[in-house]
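One structure below.
Heavy atoms only: backbone and side chains are in, while hydrogens, waters and symmetry mates are out.
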Amino acid sequence: MSESETSTNPDQEFIRSVWEEARDLIKRLEGSTVQRFSVEAGGTKIEIERAAAGASAPGAGQPVAAASMPAATAEEIAASDDRHPILAPLVGTFYGASQPGAKPFVEEGDFVDEGQTVAIVEAMKLMNHVKAGRSGRVSEILCKDGDWVEFEQPIMYLEATGE
Amino acid sequence: MSESETSTNPDQEFIRSVWEEARDLIKRLEGSTVQRFSVEAGGTKIEIERAAAGASAPGAGQPVAAASMPAATAEEIAASDDRHPILAPLVGTFYGASQPGAKPFVEEGDFVDEGQTVAIVEAMKLMNHVKAGRSGRVSEILCKDGDWVEFEQPIMYLEATGE
Amino acid sequence: MFEKVLIANRGEIALRVARACRELGIKSVAVYSTADAESAVVRFADEAVQIGPPAAGRSYLHIPSIIGAAQKTGADAIHPGYGFLSEDPYFAEICTNEGITFIGPKPDVMEKVADKATARDLMSKAGLPLLPGTVDPVNTVDEARDIADEIGLPVIIKAVAGGGGRGMTVVWNREELASQYRSTRATAQAVFKDSAVYVERYLQAPYHTEVQLVCDEHGGGVYFGERDCSVQRRHQKLIEEAPSVHLTPEMRTDIGEKAVNGALSIGYTGAGTMEFLLDQDGNLAFMEMNARIQVEHPVSEMITDCDLIQEQIRVAAGEQLSVTQDAVELKGHALECRINAEDPDNNFAPTAGRLETYVPPGGPWTRVDSHCYPGWTVSPFYDSLIAKLIVWAPDRERAINRMQRALSEFEISGRGVKTTIPFHQRILANAQFRSGDVTTDFVEQFMAEEKQLAAATG
Amino acid sequence: MFEKVLIANRGEIALRVARACRELGIKSVAVYSTADAESAVVRFADEAVQIGPPAAGRSYLHIPSIIGAAQKTGADAIHPGYGFLSEDPYFAEICTNEGITFIGPKPDVMEKVADKATARDLMSKAGLPLLPGTVDPVNTVDEARDIADEIGLPVIIKAVAGGGGRGMTVVWNREELASQYRSTRATAQAVFKDSAVYVERYLQAPYHTEVQLVCDEHGGGVYFGERDCSVQRRHQKLIEEAPSVHLTPEMRTDIGEKAVNGALSIGYTGAGTMEFLLDQDGNLAFMEMNARIQVEHPVSEMITDCDLIQEQIRVAAGEQLSVTQDAVELKGHALECRINAEDPDNNFAPTAGRLETYVPPGGPWTRVDSHCYPGWTVSPFYDSLIAKLIVWAPDRERAINRMQRALSEFEISGRGVKTTIPFHQRILANAQFRSGDVTTDFVEQFMAEEKQLAAATG
C-alpha cells in the first residue's frame, strides 16, 4: 500500500499543512552538512534524510510523486509540470502514420482535439489507435516510427492551450 | 552509528531548531488517524510515523534516549527519572551483607556517602564490593541475598538528598 | 543454449527462473505490471519491460504484450513459470509461430495433457494404473449405475473439464446416484461449458503422491523421485515433502518408470508432474499430469541435488538431460512450507500491505525461495504466496525439527499483513503429522480439532 | 544429551550454535556485551544474559562473568564457538571444575595441541608427514646452519610459540642465516616471551589444505574430507572450498586416515582441523591442529551432508558419532565467501555502521550464515565478519557461477559501511582462480596485477 492510502479525508487538511512545514524544513537544510536526523517521542517519529552533496536522490524535483508511490505512473510524475503526456496503451511498435510514407497523424506544433488519433501502437499485427485524452498543442513527439514502447511509456506531450 | 553522531558542530543549532519544529508537528498529529506520512524533494526526505492508537512505541516518553541508542544502558534509561541506580559491576550473586547473618551494609532509608560499600556481588568465590557512585538516601533495594544479577543490572536506587 | 530468456511470470518463481538463467550464463528479461515495478526480479534481471496494469488479464495473461516484450528485447525463449500462461497451448503455439522457444512441452502435447479424459486414456494405455471406473465419458444414468454396481460405492462423478476440486460429486448410496449424476452434468455444463462426466471409485482418505520427471527431445526421460502433498486445505497445498514415507523403494522405481514411459509415449518434453492417489493398501492411481514446473519442485531438488529449472531450460534448448536415471540418488528428507499472506484465524483470507519487517531464516540446509524484501508491498492483485521455506535433513524427524527452527526465526510483519507461519508451526507440532500418517483430509480434521479445543478451553 | 547450552560467543557462530541447539531440542543461552544487546542470537536464543561492556576483555573473554551466566541460567554445557575462549585450556578446566561441560577437547589435550612444537612432535610420531626440518627447538646458529645445509635453502625459522604469520623469517641465502636466526629469536622472545625457534623447509607457493575431523569419547573418529583455503590475504582466509581439486581420492583417504589416527593417538575429542601445506609435487606436510570448530566448517557440511556443530555437541555429551566413515560420501563442490565489513579499496580497513539495507541472497543451494538484519549496527569492537555466503553445486565451475549469482543479489548498505563483496566478485571472475590453480600467494599477486592494471589504464 502506498502511504497516501493511509490518509483518510478528515486528515487531508492536516497532511497538507504538514507538507508545507516539511517544505520549510527542507529549505532550511540546504547548505548544511546534515545527512540524517531523527527525533522520536511518544508514538511519533520524524526523520530527515538528505543525499550526500551532489548525489541526486530518486524523485528529485518531483516532491508529490516521490512522496509515496512505489510505482508512480508516468501520469502522476507528469502532474508536477504543465505538460500532458500521451501514454502507450500497451507494449508494441510505435507508428506516427497510418502506413509508411503516409502523412503523419500529428506533427509537433499541431493542435489536436480530445479523442483524435495521434499514433498507432502495433502489437502482433494489431494496429491500436492511440487517441488524445484531451485537446491541446503537440509540444513534443518522443518516438519515431518503429520504436518499441512499453506500457504507459509517454509517446508525446500535449501543452495546455490556455482555456 | 547513532544518528546523533552525524551532527557536526556548525549544524548543532540548526538541529535544535528542527527538533523544535518536530515537536510542533508531533503535537498537531495527536488525535489524527494518520499513522505514516512522508515527503521527499530534492535530496531531502521527511517521514512521520505514529504507533497505532494505544500501542506504546519504543522509547515512549524519552525522546532523547529513544532517538538514537539501539542499546540504551540502564544508566541512560534511569536518567529520565530523579533516582540514581547502583548497577551490578559484573555477573554474579548479590549479597547485602559481608557474611550470612551479619548486619547488612545498607537498608532502605539509610544515607550513604560516595564510595561507601553498599553490597557484594560474588563471582567464582571472588567478593566484589559494590560502592555508591554518589551520596544519597537508599530509596529501594532491588535484590535479596543470593539473587543472581547481570552486568549493569540495577541493584538499588539512591535518592538525591537535595544538595 | 539460449542467449536471452524472457520470464512471463512474477513473484518467487520469476526470481527462481532468473537465478537459474544467471547461473547458466543466460541473460534474463523480466516483464512486470505497474504493481510489480519494484519487484525483486525487476531489480535482479538483466532487462525489464513494463507490460500492463495490475490486472493480470491486461499484463501477465496478455499474450500480445508478452510477445511484444520478447521481440522488443530480442529474447529467444520464454519461460512461463507456473500458473498464468504456463499451461496454455495457444500461447505456446504463438511463441513457436513468432520464432520464440516456449520452455515447456509442444502445444499438441499440452492439449492432450490438459484434457483429463484424454490424459487418463493415454496414460492407462501406457500402463499407468487408474482407479476402478471409466476412462470415457459416461453418457447415461443407467451406464453410471452399472459402473457403480461394478466397482462398488462410494463413487465420484467428475466433470471431464473440471479441476481444482470443482465439478465433483461423491455418491454414497445408490438411490441418490441418478439425481447426483444429473446435477453434476448440469454444473459441468454451467461452469466448464462441457457436460461430459466420468465415474470412478472414490477414495476417502488417500495420500497425494506425485512423480517429478523431465524429458528431453532425444527420447531421454528421468524421474526425480516423488513428493507427498497430502497436507492441503481445499485442494491448496500447504506443506510438501519428499520422498513419500509411504512408498517402498520397489514401488518408487515401478511408478517412476511407468510415469516416464507414459510421458515419453505421448512425446512429452520438458519438466512435468504425474499426480497419483495412494490408498491405504499401497495402490497408486493416476489422476492427472501437470505440464509445467510446480511450486513444490524444490523439495525434489533438495533430495536429488538436481536443479530442475536448469534441466528444464537445457532440454528446451534441445540439449540432452545432464543426468541419467542411475545418477539420481535420493538422500535424506526435504520439507517445504508455503508461507502465504493469509490470515489463518480468519478463514485464510488474503492480506496485503507493506512489509515493514522481512527477515528470512538462514543457516544450514535452509532454503528460502521468495521475492520479498523489507519494504516490498504484498499486492492484493495476485496469489498470496510470499515465500517458500525449504529445509533438508538426513531424515523426516530432523527435517521437521529444522523446519520448526527455521520458522521460529522467520520475521514478517507489516500493517495488515498476516501470514500462515503460525498455522504451519501448529501443524509441525501435531503428533499425527509427525507420525507421517497424513492423508488429504488431515488439515480439515486438524482444524476441526483445533476448533473443538478452542471451544472447550475458551 | 544436554538440557541447556550456553554459547560463549557472538556474531554468526553464536547464532549457528543456537540453531543447532534448537534443532537438537536443547535450550540455548546467549551471553552478550552491551554492544550486542540487540543481536540476532539474543533475539533467537531461549535466554540471554548481559555479561559486560563492549570490550571483550570484560565480556566475551571474562571467564567469571561467563561461568556466572552459566550458573545463573543453569546451563550444563558451554559452547565456545571459535576465537575468544575456544582454545583456552584454562577456561576448559574451570568449566570442568564448576561441573559444566566444555564443548571441546579435554584441557590437557588442548594444551598439547596449542604448543606447536609438541603438536608437530606428537603428530610426526603418529605418522603424519612433516616438512623437512626440525621438530625440536634449534638452540644454536651452527645447528641451524647444519639443518639448512641438510634440507637446502630456502628455509623458514619459526617461533615455537608463534602463529598467525608472526615470528617467522624466511632465509634465502646462507650468509644471512646467522643474523636472521638471532633476530627471529629476539622477536620471539619479545613478542611471545619464548625465544625457542625451529627450522624447516620453506614452501614458496603451497596450497593450504586442511582436514576436518570429529572424534568421540568411545575411540571413534571420522574425517569429513578436506578444505582448500589458499585464497588468503596476510594469513586471513577470504574464500574456502571443499573438496580440494589438488587431491586424488587416494591422497584424500590416506591423509584423512592419518589425521584421524593422529587425533585419536593424543586422546582428541570433539571437532578439530589439521592444517597441511600441499606442494606442487603433491606432498602434504602437517603444520598445526586447530582444536575448535572453524569459520569455514560449512563447506565441509555442504559436501558431506553432515551437521558438524550437531556432531560436536553430540560427542561432547558423551554420545557416539552419528555417522561412520563409510557413510561420509563427498558429493559436488562447495564454496564459501567471507563477507567482511572492510574496505577493499582502502587496504581492507574495517568499517562500522548501521545496516540500512541488508537483503541476503536466497534460492537453490545458497546458504547464508549471518547474524545481520536490516537495522543491525556493525560494531567496531569486534571482528569484521558480517556474513558467510556458502553455495553448493555438482562441480567447481557451477559452484563459482552460483556464487557469482548469489553475490550479485546480496544487498548490504549503510552509511560508512563497505564490504568485501566487490573484491570477491573480482576474484571469482579471475581466470586463474577459475582454473583452480590457486596457491597461498594468489591474492598478493592478484592485488598487484590489479594495481598495475589500474595504473596502466588510469
(message) Between C/G52, C/S65, C/S379, who has the most heavy-atom pairs with chain A when the cutoff is under 4.5 Å?
(response) C/G52
(request) State the CD-OG1 distance between C/Q71 and A/T93, to the nearest 0.5 angstrom. (result) 7.5 Å
(message) What part of C/I67 gets within 4.5 angstrom of chain A, counting heavy atoms only: side chain, backbone, both, or neither?
(response) side chain
(request) Kindly check if the number of other-residue, nucleotide or ligand heavy atoms within 6.0 Å of NZ (C/K27) is above 12? (result) no
(request) Drop me the distance from A/E152's CD to C/I51's CD1, to the nearest 0.5 angstrom. (result) 12.5 Å
(request) Examine whether an atom of C/A70 lies under 4.5 Å from a heavy atom of chain A, and if so say whether it belongs to the side chain, the backbone or both; otherwise answer neither. (result) neither
(request) Ignoring hydrogens and angles, tell me if any N or O in the side chain of A/E150 forms a donor-acceptor pair with the backbone of C/Q50 under 3.5 Å. (result) yes
(request) Please state whether the side chain, the backbone, both or neither of C/P380 comes within less than 4.5 Å of a heavy atom of chain A. (result) neither
(request) For A/F151 and C/T34, work out which heavy atoms get closest and say how close. (result) CE2-CG2, 3.7 Å
(message) Less than 4.5 Å to any heavy atom of chain A: does that hold for the side chain of C/I63, its backbone, both, or neither?
(response) both
(request) Could you pull out the closest heavy-atom pair between A/V91 and C/V49, with the gap in Å? (result) CG2-CG1, 4.3 Å
(message) For C/E3, I'd like to know if atom CD has over 12 heavy atoms of other residues, nucleotides or ligands within 6.0 Å.
(response) no
(request) Begin from the C-alpha positions of A/M124 and C/I94 and carry the test side-chain contact (heavy atoms from CB on, under 4.5 Å) through to its verdict. (result) CA-CA 10 Å; A/M124 290 179 65; C/I94 291 175; 3.5 Å; yes
